Colleague: 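First, the structure itself, so that you have it in front of you.
The basis for the numbers below is simple: all heavy atoms, side chains too, and nothing from hydrogens, waters or symmetry mates. Nothing here was measured: the structure is a model prediction, and the numbers come from that model. Numbers restart at 1 for each chain; the letters A, B, ... are given by sequence-line order, proteins then strands.
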2 protein chains.
Amino acid sequence: MPGPTIRDVAARAGTSTAVVSYVLNDGPRPVAAATRERVMAAVAELGYRRNNLGRALRANRTGTLGLVVPDLAKPFFAELARAIEDAAFAHGRRLLIGSTHFDADREHEQIQALLDARVDAMLVVPAHDPTPAVEVLRAAGIPYSLVHHTHPTAPGVAGRDFDAGRQATRHLIEHGHQHIAVLGAASGEGPVSHRSRGALATLAERRRPTTGPLVLHCPFSELRDDAYRATRTLLAEHPSVTALCATTDEHALGALRAATEAGRRVGDDLALVSIDGTELGAYLAPSLTTLAVPFAALGADAVDHVLKPSPAAHIRRHRLSLVLRRSCGCRP
Amino acid sequence: MPGPTIRDVAARAGTSTAVVSYVLNDGPRPVAAATRERVMAAVAELGYRRNNLGRALRANRTGTLGLVVPDLAKPFFAELARAIEDAAFAHGRRLLIGSTHFDADREHEQIQALLDARVDAMLVVPAHDPTPAVEVLRAAGIPYSLVHHTHPTAPGVAGRDFDAGRQATRHLIEHGHQHIAVLGAASGEGPVSHRSRGALATLAERRRPTTGPLVLHCPFSELRDDAYRATRTLLAEHPSVTALCATTDEHALGALRAATEAGRRVGDDLALVSIDGTELGAYLAPSLTTLAVPFAALGADAVDHVLKPSPAAHIRRHRLSLVLRRSCGCRP
DNA sequence: ATGAAAGCGCTAACAG
DNA sequence: CTGTTAGCGCTTTCAT
């Protein structure tokens, strides 16, 4: 059952394949109304659907975008992927997705696999150092954009992470907290680092101690556990800490667990603000006050960017918005 | 920069495109060792990468699988998607993903879009009634499988949902609970309904009341809110209820929030067992005792099934396993 | 063991 | 306005 081809349609409509193609694509040449009618009728009668393989080979465009993410199942990347899929769908594009498990080799394999599938453009959310990905993408000669984790010389779309760290910390300071710990990473170049540095900068400006232990971002896939263990230690050894700035919802999840197990009531005798704004924050107990990444805007921007070849390959940063819930102590 | 073609390789190796193809594919005809060497060298020197579009058009195989899910960002579907992507990758296949927002029309559009992209096989997680999807898939003449939500006359892979409902309820009964409410749906044919009916059947057998209000599964995308509201009402009006069987982790999330707001301590004066086993259950406070869907097994099975044309189009069901954590009161 | 050539389904240049 | 045809890159039959 190979399905009818454009030739079958042409034969049935008593015309040529060229005309059928013109009708199907509304161009590039005009077609008489009567002929168009016959073609449409033939298409309907035969149940013809264009074979995109032929079209793609000919046009060297597949109508498909590639997306490579560290882990499709982690809430943050899942929401990002959904936003990007929505944007792609809105533009009539299909989305080919590859997950890397935060593994650099696998990231490279996935990028190659999607390039080999001839995607029209590629979106990559790098797990660690974006440099290798950028080199491959540049060499591929197709539009691309990094997402969330950017690189100074490559096009990218991300949140204003440094600012988000500042906002989160500022909010805790406004609550009157003196000793605030940051769950993140002081070094490195990813979003977690930017957020952490924003938080630390604000603490320093406001003359708050910045000596609290920082969670090292080590194996990213185990962030919750890292944050859990770090928070457990922190609460035991530094009872003066009354507030936590978690640089991702994953960190917050681990911190929440540690705090609960230590008998601290988050939102009451321990304040917590996190950054990410994934949906689950609303349903945790207590619900998370968070700086929310504008997922939809990020996804739309990323897709728009790779779909229209803009000359300047710059980085667009979107503001995160403060969502007040229970964990910061705002509503007692 | 169109990249070298097989002709360029042939020219450089001083042979024909046919032989290059034989080398690249290890067949179907043998090639002399010396010739093979020259071809390999030419491939390496030119940095040749096969254009899969040409191959796909010729072979009528794209090496791509399609996956349609209700919502890529919901933890359950996100974990399912990751498992399926892993399985596809392990088989050297790419995965084209479409999200439907639980909308029947959009589900149809996504299926059509992926069929038009000429996927070799399709996996669909239906949001509601699987029948329209099944009809389209059958007509498409490619291997397909439903996932999670099955249909009596179509191939499918799912959990043993009825049993899971029984197991969850049995566990609560073993804890000594007399009045157990089920958060799910008594009618309909989806996984939630099967789980709910399993739970109700067990309650009836053990002579427990089955009159507790059930959450109607109405707009699936708002499950958490539905469960939240239903649980709030339930706890207010039926103080005798001491245990909850949540038929999905989404229901559990809503129930947990409602219980916490009502001042009930889940795992202490209110028991909760949920079904799904998504990762986040381990990090909630309290952590969720749950019947875990074997995501990896499901994904692998689904992909295996569509990749090897098995004659019998049956439904394979996988057992869910009980994961003991805090919410049921097992560990005080 | 190798080469020439047909053709997958489509688009578009070219010719009427 | 319409038809004929080349050719996208690849695989594979057929001939040698």
Colleague: DNA chain C: B:V31 or B:R118, which has the more 5' nearest nucleotide?
Modeller: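 Looking at the nearest nucleotide for each, B:V31 comes out on the 5' side.
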Colleague: Cation over ring, B:R82 on A:F77, under 6.0 Å and within 45°?
Modeller: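 No.
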Colleague: What is the first contacted nucleotide of DNA chain C and what is the last, in 5' to 3' order, if contact means an atom lying under 4.0 angstrom from a heavy atom of chain A?
Modeller: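 First-to-last contact on DNA chain C, by the 4.0 Å heavy-atom rule, is C:dG9 to C:dA13.
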Colleague: May I ask you to decide if B:G159's main-chain N or O and B:R317's side chain share a donor-acceptor pair within less than 3.5 Å?
Modeller: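 Flag set: sc B:R317 to bb B:G159 pair under 3.5 Å.
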Colleague: May I ask you to decide whether A:D86 forms a salt bridge with B:R106, counting only side-chain N to carboxylate O separations under 4.0 Å?
Modeller: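 Yes, A:D86 and B:R106 are salt-bridged.
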Colleague: Is B:K74 paired with B:D71 through a side-chain N to carboxylate O contact shorter than 4.0 Å?
Modeller: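 Salt bridge between B:D71 and B:K74, a charged N being under 4.0 Å from a carboxylate O: yes.
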Colleague: B:I6 near the nucleic acid: base, sugar-phosphate alone, or nothing, with a heavy-atom cut-off under 4.0 Å?
Modeller: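 Since a base atom lies under 4.0 Å of B:I6, the category is base.
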Colleague: Show which side-chain atoms of residues 6-15 of chain B pair as donor or acceptor with protein atoms under 3.5 Å away, not counting sequence neighbours.
Modeller:
unit_1, atom_1, unit_2, atom_2, d
B:D8, OD2, B:T5, N, 2.8
B:R12, NE, B:E45, OE1, 2.5
B:R12, NH2, B:E45, OE1, 2.6

Colleague: Kindly determine whether B:D161 and B:H148 satisfy side-chain hydrogen bond (donor to acceptor under 3.5 Å, both in side chains), including the steps that lead there.
Modeller: CA-CA 9 Å; B:D161 291 311; B:H148 186 50; 4.9 Å; no
Colleague: Under 3.5 Å, side chain of B:Q110 to main-chain N/O of B:S99, donor-acceptor pair present?
Modeller: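 At least one qualifying donor-acceptor pair exists.
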Colleague: Closer than 3.5 angstrom, by distance alone: can the side chain of B:D120 be matched with the main-chain N or O of B:L65 as a donor-acceptor pair?
Modeller: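 Absent.
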Colleague: Answer yes or no: is there a donor N or O on one side and an acceptor on the other, between the side chain of B:R160 and the main chain of B:A158, under 3.5 Å?
Modeller: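 Not at all, since once roles are kept as given, no pair shorter than 3.5 Å links the two residues.
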Colleague: Has the side chain of A:T62 got a donor or acceptor atom that lies under 3.5 Å from a matching backbone atom of A:R118?
Modeller: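 Yes.
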Colleague: Pick the nucleotide of DNA chain D nearest each of B:R49 and A:R7; which residue has the one closer to the 5' end?
Modeller: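 In this pair, the answer is A:R7.
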Colleague: For A:R50, report the nucleic acid contact type (base, sugar-phosphate, nothing); a contact means any heavy atom under 4.0 Å.
Modeller: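 If one applies the 4.0 Å heavy-atom cut-off, A:R50 turns out to touch the sugar-phosphate alone, with no base involved.
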Colleague: Any base atoms under 4.0 Å from B:N52, or only sugar-phosphate, or nothing? Heavy atoms, all strands.
Modeller: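 Nothing: the residue B:N52, judged by heavy atoms under 4.0 Å, touches no strand.
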Colleague: In residues 14-22 of chain A, which residues come under 4.0 Å of DNA chain C by heavy atom?
Modeller: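 Output list: A:A18, A:S21, A:Y22.
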Colleague: Select base, sugar-phosphate, or nothing to describe what B:L57 touches, counting heavy atoms under 4.0 Å on all strands.
Modeller: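 It contacts base atoms.
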Colleague: For the pair A:H91 (side chain) and A:D304 (backbone), establish whether a donor and an acceptor sit closer than 3.5 Å, ignoring hydrogens and angles.
Modeller: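 No.
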Colleague: Reading DNA chain D from 5' to 3', where do the contacts with chain B start and stop? Cut-off is 4.0 Å to heavy atoms.
Modeller: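 Span of nucleotides near chain B: D:dG9 to D:dT13.
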Colleague: Pairing of DNA chain D as dot-bracket, 5' to 3': ( ) intra-strand, [ ] crossing, | other strand, . unpaired, with Watson-Crick or G-U pairs under 3.5 Å?
Modeller: ||||||||||||||||
Colleague: What residues form a side chain to side chain contact (heavy atoms under 4.5 Å, CB included) with B:E189, not counting sequence neighbours?
Modeller: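 Per chain and number, B:E189 pairs via side chain to side chain contact (heavy atoms under 4.5 Å, CB included) with B:H194, B:R197.
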Colleague: For the pair A:R36 and A:D26, find out whether any cationic side-chain nitrogen is under 4.0 Å from an anionic carboxylate oxygen.
Modeller: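 Salt bridge present between A:R36 and A:D26.
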